[in-house]
Amino acid sequence: INAEYMGIAIDSIGWDDDTEYLHWSMKFPFPLSNRDYVLGRRVNIFPLRNEIQVLCWATTHPACPESSAFIRVTNYHSLLRLRSKDLREPGVEFDFLCFGDHRGSIPTALFNWVACTAVPHALKVMEKAAAEYDVSSGNMCLSNLIQE
C-alpha cells in the first residue's frame with residue numbers, strides 16, 4: 001500500500017506534556033468515504049529492554065473540529081513496538097497492534113481481500129524497502145534512536 005496514495009495529510013496540532021496530537025487524513029478507495037483521525041501519540045523508551053513503544057489513540061482537540069469532508073474515526077488504538085537484540089547492530093524487530101472502528105460497514109468480500117491480499121502485500125513491500133535501505137545514508141541502529 002503506497003502511503004502517498006493513502007495519506008492526504010498528517011499534521012502535528014499540538015503538545016501536552018509527553019503527548020503529541022496529530023490530525024491524520026486518509027484517502028480510502030472507492031466506494032469508501034475518506035476518513036480522518038485526531039490522535040494522541042506518546043513514545044516510551046525502555047533502554048534496559050532495548051525497546052521503543054509508540055502508543056496512539058483517538059481523541060479530540062480544539063484545533064481540529066470535525067469536517068463534512070471526512071468521516072471522523074473516534075475509536076482507534078495502536079501500539080508499535082520496536083526492539084533490538086543487540087543495540088550495536090543495525091536492524092530491529094517490530095510488532096504493530098491496531099484497532100480502529102472506521103464507522104462504516106465493509107462488505108465481507110472486501111474485508112477478506114484486505115486481510116488475505118492487501119495486508120500481506122503491504123508487509124512484503126515494507127520488507128523489500130527495508131532490505132534495500134542504503135545503510136551508508138545513516139546508521140539505523142536502535143541505540144541511535146534511544147540516545148536521541
S.K.: Rounded to the nearest 0.5 Å, how far does CG of L97 lie from CG of L80?
M.R.: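 Reported value, rounded in 0.5 Å steps: 9.0 Å.
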S.K.: Kindly work out whether a path of hydrophobic side-chain contacts (I/L/V/M/F/W/Y, heavy atoms less than 4.5 Å apart) joins W57 to I71.
M.R.: no
S.K.: What are the two closest non-hydrogen atoms of T60 and V38, and how far apart are they?
M.R.: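 Shortest heavy-atom separation between T60 and V38 comes out as C-CG1, 4.0 Å.
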S.K.: Rounded to the nearest 0.5 Å, what separation is found between the CG atom of L22 and the CD1 atom of I10?
M.R.: 5.0 Å
S.K.: Could you go step by step and tell me if Y76 and L39 meet the side chain to side chain contact (heavy atoms under 4.5 Å, CB included) rule?
M.R.: CA-CA 8 Å; Y76 176 88; L39 301 174; 3.5 Å; yes
S.K.: Which value, rounded to the nearest 0.5 Å, describes the distance between H23 atom NE2 and I13 atom CD1?
M.R.: 7.0 Å
S.K.: Roughly how far, to the nearest 0.5 Å, is CG of L79 from CG of N44?
M.R.: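 Output value for this atom pair is 9.5 Å.
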S.K.: Considering residues at least two apart in sequence or located in another chain, which fulfil the salt bridge (charged side-chain N to carboxylate O under 4.0 Å, His left out) criterion with E93?
M.R.: R83, K85
S.K.: With rounding to the nearest 0.5 Å, note down the distance linking OG1 in T74 to CG in D101.
M.R.: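 Between atom OG1 of T74 and atom CG of D101 there are 6.5 Å.
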S.K.: Counting heavy atoms not belonging to F94, are there more than 12 under 6.0 Å from its CZ?
M.R.: no
S.K.: Between atom OG of S84 and atom CD of E51, what is the distance when rounded to the nearest 0.5 Å?
M.R.: 11.0 Å
S.K.: Kindly give the heavy-atom pair with the smallest separation between P62 and P65, and that separation in Å.
M.R.: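 Between these two residues, the closest heavy atoms are O-CD, 4.1 Å.
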S.K.: In terms of ring plane angle, is the pair H77 and F99 parallel, tilted or perpendicular, where the classes change at 30° and 60°?
M.R.: parallel
S.K.: Is the shortest distance from a Lys or Arg side-chain nitrogen in E20 or R41 to a carboxylate oxygen in the other one below 4.0 Å?
M.R.: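 The answer is yes: the pair qualifies as a salt bridge.
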S.K.: Is the shortest side-chain heavy-atom distance between Y21 and T59 below 4.5 Å?
M.R.: yes
S.K.: Flag the pair T108 / W113 as yes when at least one side-chain heavy-atom distance between them is below 4.5 Å, and no otherwise.
M.R.: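 They are not in side-chain contact.
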S.K.: For a side chain to side chain contact (heavy atoms under 4.5 Å, CB included) check, start with the C-alpha distance between M26 and Y37, then their side-chain angles and the critical distance, and finish with the verdict.
M.R.: CA-CA 8 Å; M26 294 290 295; Y37 308 72; 3.7 Å; yes
S.K.: Same cluster for L55 and F46 if Ile/Leu/Val/Met/Phe/Trp/Tyr side chains link at under 4.5 Å?
M.R.: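 Different hydrophobic clusters.
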S.K.: Okay, side chain of R35, backbone of S33: is any donor-acceptor separation there less than 3.5 Å?
M.R.: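 The answer is yes, because a donor-acceptor pair under 3.5 Å joins these two groups.
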S.K.: Could you go step by step and tell me if W24 and D36 meet the side chain to side chain contact (heavy atoms under 4.5 Å, CB included) rule?
M.R.: CA-CA 6 Å; W24 185 16; D36 76 335; over 6 Å; no
S.K.: If every non-hydrogen atom of P120 is compared with every non-hydrogen atom of A115, which pair is closest and at what distance?
M.R.: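 Nearest pair, atom of P120 first, then A115: CD-O, 3.5 Å.
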S.K.: Closest approach of R72 and R103, non-hydrogen atoms and distance?
M.R.: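 Taking R72 first and R103 second, the nearest heavy atoms are O-NH1, 2.7 Å.
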